[in-house]
Amino acid sequence: RLVARLIDTGHQVWWAEVGEDPRAIAQHAGVLVVSSRSGTVGHDLTSGVELWTSARPSGTECKQRAPWSPDSPDLRQPAVFLPTPGSDTHTVDVHRVGDGEVLIGSLDCSAAGRIVSDVAVEHGSDSIRGVSVSTGETRWEQEWIRDAQAFALPDTGDVIHIPGEEGRY
């Protein structure tokens with residue numbers, strides 16, 4: 001159960017059933033996304049009303065072909081990752097937090113991926129690229145360094161830090 005309480009009095013404002021082992025993973029534009037073993041739900045932060053649902057668990061990042069959320073996620077995310085339905089390639093889709101609509105389909109996250117600002121960073125098997133969350137268009141792409149180890153994709157504001165080879169940039 002998810003319960004919303006006023007911070008100054010503790011008074012309960014609303015509650016909602018959210019499934020087994022729920023985790024709040026993202027919040028954007030008045031919508032809170034909760035993922036559990038039962039799936040994913042987008043709740044209106046003011047009323048608790050269910051705005052969208054998916055039977056699949058979600059995450060704010062993808063790691064080795066599956067949605068994943070770090071232990072201490074930054075809840076301010078405009079989109080979340082869900083497994084692509086019916087895919088045998090283990091790709092993920094990027095869904096808008098506000099309404100659950102698919103923004104980018106069949107993203108290759110062979111190694112890792114995350115949302116940075118309004119860009120989905122896709123770390124596939126051959127390249128790393130930035131895809132606009134609003135348009136689905138590729139903004140940039142770089143050939144991936146084949147010898148690099150899998151890594152997290154840390155960011156600070158609108159900059160992402162990616163390991164590179166000497167002499168290449």
Side-chain angles (χ1 to χ4, degrees), residues 1-87 89-109 111-123 130-137 139 152-161:
R1 187 181 272 196
L2 175 66
V3 179
R5 297 188 179 275
L6 295 175
I7 192 71
D8 57 347
T9 65
H11 176 75
Q12 180 176 309
V13 180
W14 57 264
W15 65 270
E17 292 294 335
V18 290
E20 190 177 340
D21 295 329
R23 282 185 78 175
I25 63 165
Q27 176 259 296
H28 185 73
V31 177
L32 177 69
V33 175
V34 177
S35 183
S36 72
R37 290 184 187 173
S38 307
T40 301
V41 180
H43 290 277
D44 180 282
L45 276 171
T46 306
S47 65
V49 169
E50 248 180 46
L51 300 174
W52 62 273
T53 63
S54 170
R56 299 165 290 146
S58 61
T60 55
E61 299 184 18
C62 60
K63 257 192 165 170
Q64 299 183 356
R65 301 181 177 103
W68 176 77
S69 286
D71 290 335
S72 301
D74 178 2
L75 291 180
R76 295 164 296 170
Q77 297 281 333
V80 293
F81 295 99
L82 279 94
T84 303
S87 172
T89 60
H90 306 290
T91 60
V92 296
D93 295 337
V94 177
H95 291 252
R96 185 172 31 229
V97 164
D99 58 12
E101 290 298 312
V102 175
L103 301 169
I104 305 167
S106 300
L107 203 65
D108 175 16
C109 281
R114 69 178 298 193
I115 308 295
V116 180
S117 192
D118 67 340
V119 174
V121 178
E122 172 190 14
H123 173 189
V131 181
S132 169
V133 171
S134 54
T135 67
E137 294 177 9
R139 289 192 178 173
L153 297 168
D155 67 272
T156 54
D158 290 335
V159 176
I160 188 163
H161 302 89

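- Two residues are said to be in side-chain contact when any heavy atoms from C-beta on lie closer than 4.5 Å; Phe81 and Val94 meet this criterion.
- Each disulfide bond (SG atoms under 2.5 Å apart) pair with one or both residues in residues 1-68, not counting sequence neighbours, appears once here: Cys62-Cys109.
- Residues passing the side-chain contact (heavy atoms from CB on, under 4.5 Å) test with Val97 are Ala26, His28, Val31, Val33, Val80, sequence neighbours excluded.
- With sequence neighbours left out, the side-chain contact (heavy atoms from CB on, under 4.5 Å) criterion links Ser47 to Asp44, Val49.
- The side-chain hydrogen bond (donor to acceptor under 3.5 Å, both in side chains) search around Thr46 returns none, not counting sequence neighbours.
- At least one donor-acceptor pair under 3.5 Å links the side chain of Ser69 to the backbone N or O of Thr60.
- Residues forming a side-chain contact (heavy atoms from CB on, under 4.5 Å) with Val133 (at least two apart in sequence, or on another chain): Ala79, Leu103, Ile115, Ala120.
- Within 6.0 Å of atom CZ in Arg139, more than 12 heavy atoms from other residues, nucleotides or ligands are found, so the atom counts as buried in its surroundings.
- The OG1 atom of Thr91 sits 9.5 Å away from atom CD of Glu122, with the distance rounded to the nearest 0.5 Å.
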For residues 3-12, which side-chain donor-acceptor pairs fall under 3.5 Å, sequence neighbours excluded?
residue : atom : partner : partner atom : Å
Arg5    : NH1  : Gly10   : O            : 3.0
Thr9    : OG1  : His11   : N            : 3.1

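- The side-chain heavy atoms of Leu2 and Leu32, taken from C-beta on, include a pair separated by under 4.5 Å.
- Between the Trp14 side chain and the Leu45 main chain, a donor and an acceptor come within less than 3.5 Å of each other.
- Listed by chain and residue number, Ser132 satisfy the side-chain hydrogen bond (donor to acceptor under 3.5 Å, both in side chains) test with Ser134 (two or more places apart in sequence, or in another chain).
- When the options Thr84, Leu107, Ile104 are evaluated for a side-chain contact (heavy atoms from CB on, under 4.5 Å) with Asp93, the one that passes is Thr84.
- Sorted by first and then second residue, the pairs that involve residues 24-42 and meet salt bridge (charged side-chain N to carboxylate O under 4.0 Å, His left out), not counting sequence neighbours, are Glu20-Arg37, Asp21-Arg37.
- Under the side-chain hydrogen bond (donor to acceptor under 3.5 Å, both in side chains) criterion, Thr40 pairs with Ser58, not counting sequence neighbours.
- Counting all heavy atoms, side chain and backbone alike, Ser117 lies closest to Pro78 at O-CG, 3.5 Å.
- For the side-chain hydrogen bond (donor to acceptor under 3.5 Å, both in side chains) condition, the pairs that include at least one residue of residues 97-106, sequence neighbours left out, are Arg96-Asp99.
- Residues Pro67 and Pro57 come closest through the heavy atom pair CG-O, 4.1 Å.
- The heavy-atom pair separating Leu82 from His95 by the smallest distance is CD1-CD2, 3.4 Å.
- Closest of all the heavy-atom pairs between Glu61 and Pro70 is OE2-CG, 3.8 Å.
- Within the structure, no pair that satisfies the disulfide bond (SG atoms under 2.5 Å apart) test touches residues 10-54, not counting sequence neighbours.
- From Lys63, atom NZ reaches atom CZ of Arg114 across 10.5 Å, with rounding to the nearest 0.5 Å.
- For Ser36, the side-chain hydrogen bond (donor to acceptor under 3.5 Å, both in side chains) criterion is met by no residue, not counting sequence neighbours.
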